[in-house]
Amino acid sequence: MTNETMTDSITFENRFTRKLPADPNTDNIPRQVTGASFTRVQPTPVKNPHVIAHSREMAELLGFSEETVHSEQFARVMGGNELFPGMDPFAMNYGGHQFGQWAGQLGDGRAINLGETSSPDGQHWMLQLKGAGPTPYSRTADGRAVLRSSIREFLCSEAMFHLGIPTTRALSLVLTGDQIERDMFYDGHPKFEPGAVVCRVSPSFVRFGSFQIHVARQEIELLRQLAAFTIESDFSHLGSPSKEVYLKWFEEVCHRTADMIIHWMRVGFVHGVMNTDNMSVLGLTIDYGPYGWIDNYDQDWTPNTTDAHSRRYVFGNQPQVAQWNLAQFARSIVPLVDEVEQLQAILDEFADYYLLGFQKMMAAKLGFKNFNADSDEELLTDLFALLQAEETDMTIFFRKLAAVNLEEDPNHVDPFREAWYAEPSDDLLNRAKQWLSRYVDRAGQDVSSAHERKLRMNAVNPKYVLRNYLAQQAIDRSHEGDHSMISELLEVMRKPYDEQPQFEHYASKRPEWARNKAGCSMLSCSS
Ligand code: AMP
Ligand code: MG
């Protein structure tokens with residue numbers, strides 16, 4: 001088979017590079033790039049690229065056959081050593097607020113977009129290599145990614161998709177054969193680690209920071225071009241760009257962002273580094289770095305050691321941070337609408353929109369058909385207090401709650417007992433009993449069969465999530481040369497709401513060894 005026939009059916013449209021202003025300078029050295037949305041740049045070849053995992057759903061969607069995925073050419077392309085015909089690689093220019101401070105130009109420092117293709121359903125997909133070598137946006141870093149962070153990004157992108165959460169996707173995970181130096185805890189003890197490249201896939205990688213950089217530089221014409229491009233490409237249902245359409249667009253970005261956060265809160269996902277450069281304008285979960293999953297329910301938990309002190313991005317803060325980020329985004333599009341008041345009014349609706357969605361989601365988690373403000377607000381507040389009072393595994397708790405028999409003695413505390421990490425005090429035991437008996441009363445008001453209720457609850461309460469310790473076990477094994485657990489975890493996460501009794505052990509509580517282990521609870525940015 002020749003190179004051409006393998007990907008014959010895949011054509012690249014490359015709207016971003018065709019329609020937006022390119023950096024006329026293609027020198028691949030770190031620098032400020034003004035007056036341009038992107039810079040054309042080639043991936044830097046790696047030593048010995050091998051595909052160690054891939055997403056078969058994503059491959060199929062893009063039209064890559066299994067044969068192609070297993071070819072050496074595919075490994076070379078996804079490792080950055082070769083291009084498929086029609087690809088037009090580039091790094092995007094963007095800025096952002098990091099930890100609340102304006103950081104200026106950031107840009108694709110280690111991500112290189114290869115080209116944009118489309119699936120038979122008409123959906124456009126940008127293919128992007130993460131860890132493909134330096135770009136003009138790399139600042140002082142090397143443009144590379146290590147295996148551990150690449151496994152985490154690959155697995156979580158696909159796990160989130162299967163959980164039904166808006167996200168960027170992952171096509172492939174390539175081991176490069178190169179060693180990369182990293183100081184994992186920034187403590188002056190760098191080590192060499194295996195390098196890897198993930199091929200990420202998304203309809204668009206445009207971020208809040210993509211707009212912010214232009215307004216910060218007073219590049220208003222560029223800002224207008226990027227906004228018009230985004231609306232025409234990804235929000236065409238809103239109509240042709242105009243002041244009214246920009247306002248509707250902002251409202252939709254607010255809604256999509258709120259919907260995404262509600263999903264995160266539903267499954268116990270903590271992004272870890274919600275800087276405005278990591279906020280997709282499509283409301284997709286993007287940039288899987290120091291993210292984590294809460295095992296025991298804890299509003300105040302963050303996996304990100306870089307944020308351990310200020311605790312800006314802890315689980316319970318995510319809705320507020322999203323709103324703060326949306327405010328920065330709103331600021332960046334003021335020149336398009338010329339009035340702050342209407343943007344502010346839309347932004348002000350975020351809290352109500354979020355609350356309604358959150359309550360609806362929580363009602364579903366509890367198996368209620370609707371949220372009844374009179375009874376359910378207090379029931380929820382008391383539940384959160386209870387879950388936080390003693391370490392309680394969130395995923396296990398909600399899954400077991402679905403199994404509570406409403407007809408039986410409401411004195412049992414099984415859902416709590418199975419989810420508690422330690423023996424509860426008598427006081428807690430009593431509180432749990434009381435809560436459950438109120439819960440049983442309330443659940444009994446919705447007339448539906450026990451079977452129906454359980455099905456409904458199990459459809460929103462996953463049995464399997466990508467627990468931090470599971471990803472870490474896959475990483476440890478992969479470092480020893482056995483990559484099989486990556487694909488096995490992907491297999492489990494394909495059906496997170498199904499019982500899958502053969503995978504029961506992947507639904508277990510966090511083991512004690514993982515409590516304070518690097519990689520499981522302590523992660524840093526940008527590895
Ligand atoms: P992140 O914290 O991953 O969102 O990254 C923030 C910024 O740092 C982005 O502009 C990244 O492209 C850049 N960056 C992170 N890691 C690297 C790296 N190893 N080489 C070059 N740039 C990087
Ligand atoms: Mg980023």
Side-chain angles (χ1 to χ4, degrees), residues 28-33 37-39 41 43-44 46 80 89-113 128-150 152-154 156-157 167-168 170 176 178-184 186 190-198 200 202 204-213 216 270-282 284-292 302-307 310 312-313 321 325 328 523-527:
N28 194 356
I29 45 164
R31 57 197 164 83
Q32 293 294 304
V33 176
S37 303
F38 67 93
T39 308
V41 60
T44 304
V46 298
F90 70 97
M92 206 186 281
N93 192 3
Y94 57 78
H97 279 87
Q98 296 184 310
F99 300 95
Q101 304 294 323
W102 174 244
Q105 177 182 303
L106 296 167
D108 286 332
R110 57 165 164 177
I112 296 182
N113 301 275
Q128 179 188 85
L129 301 184
K130 185 162 173 180
T135 76
Y137 308 94
S138 298
R139 294 174 292 164
T140 56
D142 61 2
R144 294 299 186 189
V146 296
L147 178 60
R148 67 186 146 85
S149 64
S150 305
R152 284 168 46 82
E153 170 125 28
F154 173 80
C156 203
S157 308
T167 178
T168 62
T176 61
D178 292 317
Q179 294 290 311
I180 292 165
E181 198 173 12
R182 282 289 180 276
D183 189 350
M184 188 169 168
Y186 306 112
K191 269 190 6 189
F192 279 98
E193 297 186 46
V197 177
V198 170
R200 306 201 290 192
S202 176
S204 163
F205 286 98
V206 173
R207 304 131 189 277
F208 292 2
S210 309
F211 302 92
Q212 286 183 283
I213 189 70
V270 188
H271 183 284
V273 57
M274 290 174 70
N275 293 331
T276 57
D277 59 304
N278 294 339
M279 297 295 291
S280 148
V281 77
L282 299 194
L284 306 171
T285 313
I286 188 173
D287 271 0
Y288 293 93
Y291 70 82
T302 173
N304 185 356
T305 49
T306 318
D307 192 31
S310 64
R312 183 179 178 86
Y313 298 139
V321 170
N325 288 344
Q328 308 316 312
L523 293 147
S524 56
C525 292
S526 303
S527 50

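All of these numbers come straight from a predicted model, not from anything done at the bench. Counting convention: from 1, in listed order, for ligands and their atoms alike. Below, each value reflects all heavy atoms present in this structure, side chains not excepted, and no hydrogens, waters or symmetry copies.
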Discussion item. Among N278, T168, T167, which residue satisfies the side-chain hydrogen bond (donor to acceptor under 3.5 Å, both in side chains) criterion with Y288?
Written reply: T167
Item to complete: Enumerate the atoms of ligand 1 whose separation from the nearest heavy atom of Q98 is less than 4.0 angstrom.
Response: 6 (C)
Fill in: Spatial distance of atom CZ (R152) from atom OG (S527) [nearest 0.5 Å]
7.5 Å
Worksheet item: Can you find an N or O of R144 that's nearer than 3.5 Å to an N or O of ligand 1?
Response: yes
Worksheet entry | Min heavy-atom dist R182 to ligand 1 below 4.0 Å | yes
Discussion item. Strictly distance-based, threshold 3.5 Å: is any side-chain N or O of N28 a donor or acceptor partner for the main-chain N or O of P134?
Written reply: yes
Worksheet item: Against heavy atoms of D277, which atoms of ligand 1 measure under 4.0 Å?
Response: 4 (O), 6 (C)
Worksheet entry | Closest protein heavy atom (residue, atom, distance) for atom 18 (C) of ligand 1 | A141 CB, 3.4 Å
Worksheet item: Starting from atom 21 (C) of ligand 1, which protein heavy atom do you reach first, and at what distance in Å?
Response: G109 O, 3.1 Å
Item to complete: Considering only non-hydrogen protein atoms, determine which one is nearest to atom 11 (C) of ligand 1 and report residue, atom name and distance to 0.1 Å.
Response: G107 O, 3.9 Å
Worksheet, complete the sentence: Interatomic distance, CZ@R110 vs OG1@T135, rounded to 0.5 Å, equals 11.5 Å
Discussion item. Among the N/O/S atoms of D287, which is closest to the Mg ion (ligand 2)? Give the atom name.
Written reply: OD2
Worksheet item: For ligand 1, which atoms, with element, lie under 4.0 Å from some heavy atom of D287?
Response: 4 (O)
Discussion item. Let me confirm one number: the CZ-OG distance from R200 to S150, rounded to the nearest 0.5 Å.
Written reply: 10.5 Å
Worksheet item: So which protein heavy atom does atom 16 (N) of ligand 1 come closest to, and at what separation?
Response: R110 NE, 3.2 Å
Discussion item. Taking the side chain as everything from C-beta on, heavy atoms only, tell me whether R182 gets closer than 4.5 Å to R148.
Written reply: yes
Response to the item:
Separation between CE (M274) and CD1 (I286), nearest 0.5 Å, reads 13.0 Å
Worksheet item: Does D287 reach the side chain of V273, with side-chain heavy atoms less than 4.5 Å apart?
Response: no
Worksheet item: Counting N and O atoms only, with roles assigned by atom type, does the side chain of R312 sit under 3.5 Å from a partner on the main chain of V321, one being a donor and the other an acceptor?
Response: no
Worksheet item: Is the shortest distance from a heavy atom of N278 to ligand 1 less than 4.0 Å?
Response: yes
Worksheet item: Nearest protein heavy-atom contact for atom 15 (C) of ligand 1: which residue, which atom, what distance?
Response: S526 OG, 3.4 Å
Discussion item. Students often mix this up, so state it plainly: with edges at 30° and 60°, are the rings of F99 and Y313 parallel, tilted or perpendicular?
Written reply: tilted
Worksheet item: Are G289 and ligand 1 in contact, using a heavy-atom cut-off of under 4.0 Å?
Response: no
Fill in: Distance-only N or O hit between ligand 1 and G143, under 3.5 Å
yes
Item to complete: State the atoms of ligand 1, each with its element, that fall below the 4.0 Å cut-off from a heavy-atom position in D142.
Response: 18 (C), 19 (N), 20 (N)
Worksheet item: Are any of the N/O atoms in V273 less than 3.5 Å from those in ligand 1?
Response: no
Worksheet entry | Contact check: N275 to the Mg ion (ligand 2), N/O/S below 2.8 Å | no
Worksheet item: Any N or O on R139 sitting closer than 3.5 Å to an N or O of ligand 1?
Response: yes
Worksheet, complete the sentence: L106 heavy atoms within 4.0 Å reach ligand 1 at atoms 10 (O)
Worksheet item: How long is the span from the CG atom in N275 to the CG atom in D277, to the nearest 0.5 Å?
Response: 5.5 Å
Fill in: From OH (Y291) to OG1 (T285), nearest 0.5 Å
12.0 Å
